[in-house]
Amino acid sequence: VQLQASGGGLVQAGGSLRLSCTASGRTFSAYLIGWFRQAPGTEREFVAAITRGGGSTYYPDSVKGRFTISRDNAKNTAYLQMNSLRPEDTAVYYCAARYGSTYSTASDYNYWGQGTLVTVSS
């Protein structure tokens with residue numbers, strides 16, 4: 001599967017953005033989808049994940065209550081709604097897909113999108 005992330009941009013602290021991850025191919029629903037982010041000089045960080053049917057979602061404490069992951073399998077698209085953004089959320093955001101069920105380790109994912117830059121100004 002090929003993934004393309006979009007929707008990044010510049011936003012003021014406290015604002016919102018919605019990222020999209022569009023997949024090619026006909027088996028999008030077979031994959032667990034995750035979002036990760038990477039700021040300069042840091043390792044890739046888990047942000048959110050959603051199971052194949054969308055029934056379960058996972059977040060680290062750093063974004064819980066502010067970010068929401070969702071998916072529309074009919075549109076081959078996953079979303080990351082980001083609210084109450086903070087300057088420390090500034091990073092390149094990546095979507096990823098995998099067949100397995102574990103979700104927070106970047107190296108477990110099989111496919112990656114190209115990333116979209118989110119910049120939050122203070």
Side-chain angles (χ1 to χ4, degrees):
V1 66
Q2 291 184 323
L3 304 173
Q4 182 165 354
S6 62
L10 174 64
V11 64
Q12 289 188 334
S16 298
L17 280 175
R18 188 176 81 156
L19 306 184
S20 297
C21 175
T22 302
S24 63
R26 297 175 293 176
T27 58
F28 180 70
S29 60
Y31 300 97
L32 180 148
I33 299 297
W35 284 95
F36 289 77
R37 66 186 180 187
Q38 189 167 20
T42 69
E43 294 187 352
R44 200 160 291 191
E45 175 190 14
F46 168 68
V47 173
I50 187 166
T51 52
R52 290 159 186 76
S56 294
T57 56
Y58 307 95
Y59 308 92
D61 288 344
S62 58
V63 307
K64 195 173 295 182
R66 300 189 298 122
F67 290 12
T68 302
I69 189 172
S70 61
R71 67 190 296 164
D72 184 345
N73 286 340
K75 295 182 178 179
N76 282 5
T77 302
Y79 305 97
L80 184 68
Q81 177 67 44
M82 306 185 295
N83 299 329
S84 302
L85 283 162
R86 305 167 180 169
E88 55 263 38
D89 294 318
T90 295
V92 177
Y93 283 70
Y94 300 88
C95 61
R98 65 158 305 182
Y99 284 114
S101 59
T102 58
Y103 53 84
S104 63
T105 302
S107 59
D108 288 343
Y109 284 77
N110 306 104
Y111 305 99
W112 289 86
Q114 85 289 3
T116 185
L117 176 62
V118 172
T119 303
V120 184
S121 64
S122 57

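Evaluation of the salt bridge (Lys or Arg N to Asp or Glu O under 4.0 Å) test over residues 5-14, restricted to residues two or more places apart or in two chains, returns none. Judged as a disulfide bond (SG atoms under 2.5 Å apart), not a single pair has a partner in residues 46-86 (not counting sequence neighbours). Among residue pairs with one or both ends in residues 61-81, none qualify as ring-ring contact (aromatic ring centres under 6.0 Å, His included); sequence neighbours excluded. Among residue pairs with one or both ends in residues 5-23, none qualify as salt bridge (Lys or Arg N to Asp or Glu O under 4.0 Å); sequence neighbours excluded. Sorted by first then second residue, the salt bridge (Lys or Arg N to Asp or Glu O under 4.0 Å) pairs that include residues 99-118, not counting sequence neighbours, are Arg98-Asp108.
In terms of modelled atom types and a separation under 3.5 Å, the side chain of Thr51 and the main chain of Ser56 share a donor-acceptor contact. The closest donor-acceptor contact from the side chain of Gln114 to the backbone of Ala5 lies under 3.5 Å. Remark: the backbone N or O of Thr77 is not paired with any side-chain donor or acceptor of Thr22 at under 3.5 angstrom.
In this structure, the side chain to side chain donor-acceptor pair (under 3.5 Å) partners of Gln81, at least two apart in sequence or on a different chain, are Asn83. With sequence neighbours excluded, the residues that form a side chain to side chain donor-acceptor pair (under 3.5 Å) with Gln38 are Arg44. In this view, Asp89 and Arg37, Arg66 satisfy the side chain to side chain donor-acceptor pair (under 3.5 Å) rule, not counting sequence neighbours. Evaluation of the ring-ring contact (aromatic ring centres under 6.0 Å, His included) rule for Tyr93 yields no partner, not counting sequence neighbours. For Phe36, the ring-ring contact (aromatic ring centres under 6.0 Å, His included) partners at least two apart in sequence or on another chain are Phe46, Tyr109, Trp112. In this structure Lys64 satisfies the salt bridge (Lys or Arg N to Asp or Glu O under 4.0 Å) test together with Asp61, sequence neighbours excluded. Partners of Ser121 according to the side chain to side chain contact (heavy atoms under 4.5 Å, CB included) rule, which considers only residues two or more places apart in sequence or in another chain, are Leu10, Gln12.
Taking CD1 from Ile33 and CG from Leu80, the interatomic distance works out to 12.0 Å, rounded to the nearest 0.5 Å. Ile50 contributes atom CD1, which lies 13.0 Å from atom SG of Cys95 (distance to the nearest 0.5 angstrom). Put simply, SG on Cys21 and CZ on Phe28 are 6.0 Å apart, with the number rounded to the nearest 0.5 Å.
Contact annotation: the side chain of Tyr94 never approaches that of Leu3 to less than 4.5 Å [non-hydrogen atoms, C-beta and beyond]. Between Ser62 and Glu45, some side-chain heavy-atom pair lies under the 4.5 Å cut-off. Inter-residue side-chain proximity for Tyr58 and Ser104 is flagged as unmet; no heavy-atom pair is nearer than 4.5 Å. Within the 4.5 Å cutoff, no side-chain heavy atoms of Tyr31 are placed close to those of Asn110.
Minimum interatomic distance between Asn73 and Ser29 (heavy atoms only, all atoms of both residues): ND2-CB, 3.5 Å. The two residues Tyr103 and Ala49 come nearest to each other via the heavy atoms CB-CB, 3.6 Å. The two atoms that bring Ser122 and Ala13 nearest to each other are CA-CB, 4.3 Å, heavy atoms only. Among all heavy-atom pairs drawn from Val118 and Leu17, the shortest one is CG1-CD1, 3.9 Å. Nearest heavy atom pair, residue Ser24 against residue Val1, reads O-CG2, 3.0 Å. Closest heavy-atom contact between Ala91 and Ala39: CB-N, 3.8 Å.
When the side chains of ILVMFWY residues are joined at heavy-atom separations under 4.5 Å, either directly or via intervening members, Leu19 and Leu32 end up in two distinct hydrophobic clusters. Connection of Val63 to Leu85 is established within a shared hydrophobic cluster, with ILVMFWY side chains joined at heavy-atom distances below 4.5 Å, either directly or through further cluster members.
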